K.L.:
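Structure in structure tokens, see below.
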Number of protein chains: 2
Amino acid sequence: MAKTSKSDLSTEEKIKEAARKVFTQKGYAATRTRDIADEAGINLALLNYYFRSKEKLFEIIILEKMHLLLGRIAPVLMDEKTTIEQKVEQIAEHYIDTLMANPDIPLFVLGEIKTNPAKFATLINTKTKIVDSAFFKQLKARRPDVNPIHFVFNILGLIIFPFIGKPLLQLITGVKPAEIHMLMNERKTHIKIWVEAMLNA
Amino acid sequence: MAKTSKSDLSTEEKIKEAARKVFTQKGYAATRTRDIADEAGINLALLNYYFRSKEKLFEIIILEKMHLLLGRIAPVLMDEKTTIEQKVEQIAEHYIDTLMANPDIPLFVLGEIKTNPAKFATLINTKTKIVDSAFFKQLKARRPDVNPIHFVFNILGLIIFPFIGKPLLQLITGVKPAEIHMLMNERKTHIKIWVEAMLNA
DNA sequence: ATAAAATTTAATCATATGATTAAAATACTT
DNA sequence: AAGTATTTTAATCATATGATTAAATTTTAT
């Protein structure tokens, strides 16, 4: 085991940082371990020395990113003391900020989950089943006629889809990155209102 | 050129059909030409004989799929004679049906566009700029205070996101494929109502 | 300062992968 | 049926890629 001095952390972290960038940008299959090594400014062997294999390094990164995409959602949904509207507001604001700082994450995480759902089945220990959350109960009480999962799809779609569809929308509308940035910020307040409207529709 | 008898079409189509399946399922980078050949029940060399290269075959397939994802949208948006609500209804019904039959398409197309936006910039000759469409004009008239692109994101998000988020939602909610299928059908009517509610919010 | 431990590198390996080639098999034309 | 064109295959090539090894360098402890 190579783990005592301080500089270790630095080199190990350099590799992880490079891996974050390359993996999230290109996905597992399109990523070459040499790209990561180059990006980190280190030799290829070093990557295998520290992380044993591409697969192992990937698992570290994807877990991080999944946590970033999902970690904050469970506690908000479980909270018995907040209203539906407050939960939506919290989730929208938090996610849009997070995704503006990490726009590659949704396509990366959702793509890799689709590639290998079995691997993540064990990982997602949101054992505190979301279907039993306060949020689901509140949705069922508010709209007994609509499956709560619809509203989960709606809220996540309103928040996440723009980040996934951005490259396409840029192509077909010619909208500029600066404008997109502004739109994303606007959505933080709009989504709350839109979801409320859908709940009353 | 190998193109006279009738059986040609059959073999060529067998390869294309296999390519559709493997490419859309795994994406370009994770696809091995040998997988396609095996899936088609033919020899690897045959693939290069007919399509010259993996890249060329891929371009044929991705163009097909992009057309499936985008081809129907432009004429609906351009139609001066239909209302916003009618457009939303048409698009929702058409896309949900199309995506239920081709659930891999959104992640595939949006992923590949992100990988190589430049390649598709030329391809998307929706020169009939969507920002000048009747739909955009109608949205601006109805809600001068909201950028129409918001509603494009919303509508596409409501329609497409469930297909992209499905694997994740299955993991965190345990919802079964049969139930998902039912939900997708329900959304065809719900989305129309939800969008109307958002427009009035 | 010296020895041991940890880190980094260059070189190399084994396999995977896209592509090509030349020959065999099949279909088509007359 | 014979000859030509087309289709298909098995074998092979060249390169890319993940991983390993052994040696060199640097760091740490005494």
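Each chain gets a letter, A, B and so on, in the order its sequence line appears, and its residues count up from 1. Only a predicted model underlies this, so the values are computations on that prediction, with no experimental measurement involved.
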K.L.:
Within this structure, what is the CD1-to-C1' distance between B/I42 and C/dG18, rounded to whole angstrom?
P.N.:
14 Å
K.L.:
Write out all pairs satisfying side-chain hydrogen bond (donor to acceptor under 3.5 Å, both in side chains) with one or both partners inside residues 65-79 of chain B, taking only residues at least two apart or from two chains.
P.N.:
none
K.L.:
Are side-chain N/O atoms of B/N154 and A/R187 paired as donor and acceptor at under 3.5 Å?
P.N.:
yes
K.L.:
Could you give all pairs that pass the salt bridge (Lys or Arg N to Asp or Glu O under 4.0 Å) test and reach residues 86-95 of chain A, with sequence neighbours left out?
P.N.:
A/E89-A/K192
K.L.:
Measure from CZ on A/F51 to C1' on C/dT8 and round the result to the nearest Å.
P.N.:
15 Å
K.L.:
Just the rounded figure in Å: distance from P of D/dA19 to NZ of A/K54.
P.N.:
8 Å
K.L.:
Nearest 0.5 Å please: distance from the CZ atom of A/F135 over to the CZ atom of A/F151.
P.N.:
9.0 Å
K.L.:
Which residues within residues 17-30 of chain A lie with some heavy atom under 4.0 Å of an atom in DNA chain C?
P.N.:
none
K.L.:
Choosing from D/dT9, C/dA19, C/dT8, which nucleotide comes nearest the side chain of A/T11?
P.N.:
C/dT8
K.L.:
From CG of A/N48 over to C1' of D/dA22, roughly how many Å is that when rounded to an integer?
P.N.:
16 Å
K.L.:
Holding to side chain to side chain donor-acceptor pair (under 3.5 Å), I want the full list of residues that pass it with A/K26, two or more places apart in sequence or in another chain.
P.N.:
A/D35
K.L.:
Which nucleotide sits closest to the side chain of B/L46: C/dG18, C/dT8, D/dT9?
P.N.:
D/dT9
K.L.:
Can you tell me the distance, in whole Å, between the CD atom of B/E55 and the P atom of C/dA19?
P.N.:
9 Å
K.L.:
I want to check one thing: is the phosphate of C/dT17, taken as OP1 and OP2, less than 4.0 Å away from some side-chain N or O of B/T33?
P.N.:
no
K.L.:
Centroid-to-centroid, B/F58 to B/F23, below 6.0 Å?
P.N.:
yes
K.L.:
Quick one: what's the B/S/- string for nucleotides 10-16 of chain C, heavy-atom cutoff under 4.0 Å, read 5' to 3'?
P.N.:
B------
K.L.:
Exactly one of B/T189, B/I193, B/V195 should register a side chain to side chain contact (heavy atoms under 4.5 Å, CB included) with B/I191. Which one does?
P.N.:
B/V195
K.L.:
Less than 4.5 Å apart, side chain to side chain, heavy atoms only: is that true for B/I91 and B/L77?
P.N.:
yes
K.L.:
Of A/T31 and B/G41, whose closest DNA chain D nucleotide lies nearer the 5' terminus?
P.N.:
B/G41
K.L.:
Atom OH of A/Y49 to atom C1' of D/dT21: distance rounded to whole Å?
P.N.:
14 Å
K.L.:
What is the separation between atom CG on B/L47 and atom C1' on D/dT8, rounded to the nearest whole Å?
P.N.:
13 Å
K.L.:
Suppose the criterion is side-chain hydrogen bond (donor to acceptor under 3.5 Å, both in side chains): which pairs have a residue in residues 164-183 of chain A, not counting sequence neighbours?
P.N.:
A/E179-B/N147
K.L.:
In whole Å, I'd like the distance from the CZ atom of A/F58 to the C1' atom of D/dT17.
P.N.:
17 Å
